[in-house]
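Let me begin by presenting the structure, written as C-alpha cells, before commenting on it.
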Amino acid sequence: MTTELWCLVGNALWGLGLVMLEITGKTAVAGSAWNSGNRETSPVFPVWVQRAGRALANHQENFPLFAVAVLVVHLAGKEDSISGTAALAYVAARAVHGVLYVAGVTKLRTLAFLVGLCSVFAILSRLLS
C-alpha cells in the first residue's frame, strides 16, 4: 500500500478518535442513560466538549476532499514523493488542528488548517505532472 493510502486510513482513524473524544465527554456529563437513549434533550456541555464536536464537524467537512485527492491520484498512478510527503503533512496538520481546536487555540489552529489545505492541493498537483 502506498504512503498516501496509509495516510487516508490514518486520517479516517483520527476521525474516529474525534468521535470518541466528543462522546466520551458528553457521556461523562450527561450519563450513560443519556448516551444509550434517544438524546431528545441535552444538558449544557463544557466548552471543550462543544469544541470537540466542532473539530469533528470540521474533520468531516475536510476528509472527503483529502480522500478524493488521494484516490484520484492513486487511480491515475501519479503518486510520487511529493504526494506522499503532502499526505503525511495533511495527516499531521489535521491531527494538530483537532488538538488545537479542542484546546481553544485559534491562530495556530488556522495555520494547521491551511497546511492541510495546501497539502491537498499538492497531492492534486501530481495530476498535472
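Along the sequence shown, the residues carry numbers beginning at 1.
No donor-acceptor distance shorter than 3.5 angstrom exists from the side chain of Ser129 to the backbone of Ser125, with no hydrogens or angles considered. Remark: the backbone N or O of Thr24 is not paired with any side-chain donor or acceptor of Thr27 at under 3.5 angstrom. Checking side-chain atoms of Asn38 against main-chain N and O of Glu40 turns up no donor-acceptor pair under 3.5 Å. Looking only at distances, no side-chain donor or acceptor of Arg109 sits under 3.5 Å from a matching main-chain atom of Tyr101. Counting only distance, with no hydrogens or angles, the side chain of Asn58 and the backbone of Arg54 share no donor-acceptor pair below 3.5 Å. Side chain of Glu4 to backbone of Gly84: a donor-acceptor contact under 3.5 angstrom is found. At least one donor-acceptor pair closer than 3.5 Å links the side chain of Arg39 to the backbone N or O of Asn35.
Heavy atoms only, all atoms of each residue included: Gly15 and Leu56 are closest at O-CD1, 3.9 Å. In plain terms, the two heavy atoms of Phe45 and Ala30 that are nearest each other are CE2-CB, 4.1 Å. Between Leu127 and Ala76, the shortest heavy-atom contact is CD2-CB, 3.9 Å. Here the closest non-hydrogen pair linking Phe63 and Ala12 is CE1-N, 3.8 Å. Of all the heavy atoms in Ala93 and Val115, the pair that sits closest is CB-CG1, 3.7 Å. The two residues Ile123 and Ser83 come nearest to each other via the heavy atoms CG1-O, 3.8 Å.
Under the 4.5 Å side-chain contact rule for hydrophobic residues, Met20 and Leu18 do not share a cluster. One hydrophobic cluster, built from ILVMFWY side chains closer than 4.5 Å, cannot hold both Val99 and Val49; they sit in different ones. Residues Val72 and Val120 are members of one and the same hydrophobic cluster, defined by side-chain heavy-atom contacts under 4.5 angstrom among Ile, Leu, Val, Met, Phe, Trp and Tyr. Under the 4.5 Å side-chain contact rule for hydrophobic residues, Val96 and Val102 do not share a cluster. Put simply, Val73 and Met1 are part of the same group of oily side chains (I, L, V, M, F, W, Y) that touch within less than 4.5 Å, one to the next.
By the 4.5 Å heavy-atom criterion applied to side chains, Val70 and Thr2 are not counted as neighbours. Between Cys7 and Leu88 there is a side-chain heavy-atom pair separated by less than 4.5 Å. When side chains are defined from C-beta on, Leu117 counts as touching Leu65, because their heavy atoms get closer than 4.5 Å. Looking at heavy atoms from C-beta onward, Trp14 lies out of side-chain contact with Val91 at the 4.5 angstrom threshold.
One distance of note links CG of Asn62 with CZ of Arg94; it measures 4.0 Å at 0.5 Å rounding. In this structure, the separation between CG on Leu21 and CZ on Arg51 is 11.0 Å, given to the nearest 0.5 Å. Atom OG1 of Thr3 sits about 10.5 Å away from atom CG of Asp80, to the nearest 0.5 Å. Within the model, atoms OG1 of Thr110 and CG of Leu100 stand 9.5 Å from one another, a figure rounded to the nearest 0.5 Å.
Only one option out of Phe113, Trp6, Phe66, Phe121 pairs with Tyr90 in a ring-ring contact (aromatic ring centres under 6.0 Å, His included); it is Phe66.
The list of side chain to side chain donor-acceptor pair (under 3.5 Å) pairs with a residue in residues 67-79, not counting sequence neighbours, reads His74-Glu79.
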query = Where do Leu71 and Leu5 land on the side chain to side chain contact (heavy atoms under 4.5 Å, CB included) test, with the steps shown first?
reply = CA-CA 8 Å; Leu71 293 174; Leu5 290 176; 4.0 Å; yes
